[in-house]
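Please read the structure below before turning to the comments.
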Amino acid sequence: TPDKNDVWVMGDLLYRMLTDTPVWKGDANANLKQAKRIVAGKRPWIPQRIRKSNDQAHVAMLHAINMSWKYNWKERLSARAIAD
């Protein structure tokens with residue numbers, strides 16, 4: 001459904017804010033590889049310094065990204081539920 005797709009994109013935006021790296025690059029080959037990784041259940045790489053951080057902002061954003069990037073759209077929460 002459209003609202004669940006928007007939640008996925010929200011995860012992309014949070015990833016960009018957190019890592020300063022876009023999920024999707026301008027290169028078609030890189031984007032195809034990324035799409036195949038995502039379909040296979042693999043997420044874009046997040047630096048260890050962020051994954052291991054105790055900073056509450058990092059923890060909250062990682063949690064929101066994980067909730068946004070549920071591959072099965074039926075498992076994705078609404079943006080409101082993620083924000084709460």
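Because only heavy atoms are used, hydrogens play no part in the values below, and waters and symmetry mates are left out as well, while side chains stay in.
You'll find the side chain of M67 stays beyond 4.5 Å of the side chain of R76, heavy atoms only. Side-chain contact between L77 and V7: absent, with no pair of heavy atoms (C-beta onward) separated by less than 4.5 Å. Counting heavy atoms from C-beta outward, V59 and N54 have side chains that stay 4.5 Å or more apart. Looking at I50 and M61, their side chains never come closer than 4.5 Å, going by heavy atoms from C-beta outward.
Summarising the geometry, atom CG belonging to L62 is positioned 11.5 Å from atom NZ belonging to K52; distances are rounded to the nearest 0.5 Å. Rounding to the nearest 0.5 Å places OG of S78 at 11.5 Å from CG of D6.
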With a 3.5 Å cut-off and sequence neighbours excluded, list the donor-acceptor pairs that the side chains of residues 37-48 form with protein atoms.
residue: R37; atom: NH2; partner: R43; partner atom: O; Å: 3.3
residue: R43; atom: NH1; partner: N66; partner atom: OD1; Å: 2.8
residue: R43; atom: NH2; partner: W69; partner atom: O; Å: 3.1

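Atom NZ of K33 is surrounded by 12 or fewer heavy atoms from other residues, nucleotides or ligands within 6.0 Å.
Not one N or O on the side chain of N31 forms a donor-acceptor pair closer than 3.5 Å with the backbone of W24. Between the side chain of S53 and the main chain of R51, no donor-acceptor pair closer than 3.5 Å is present.
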Take T21 and R16 through the side-chain contact (heavy atoms from CB on, under 4.5 Å) test and state the conclusion after the steps.
-> CA-CA 5 Å; T21 305; R16 174 70 185 254; 5.6 Å; no
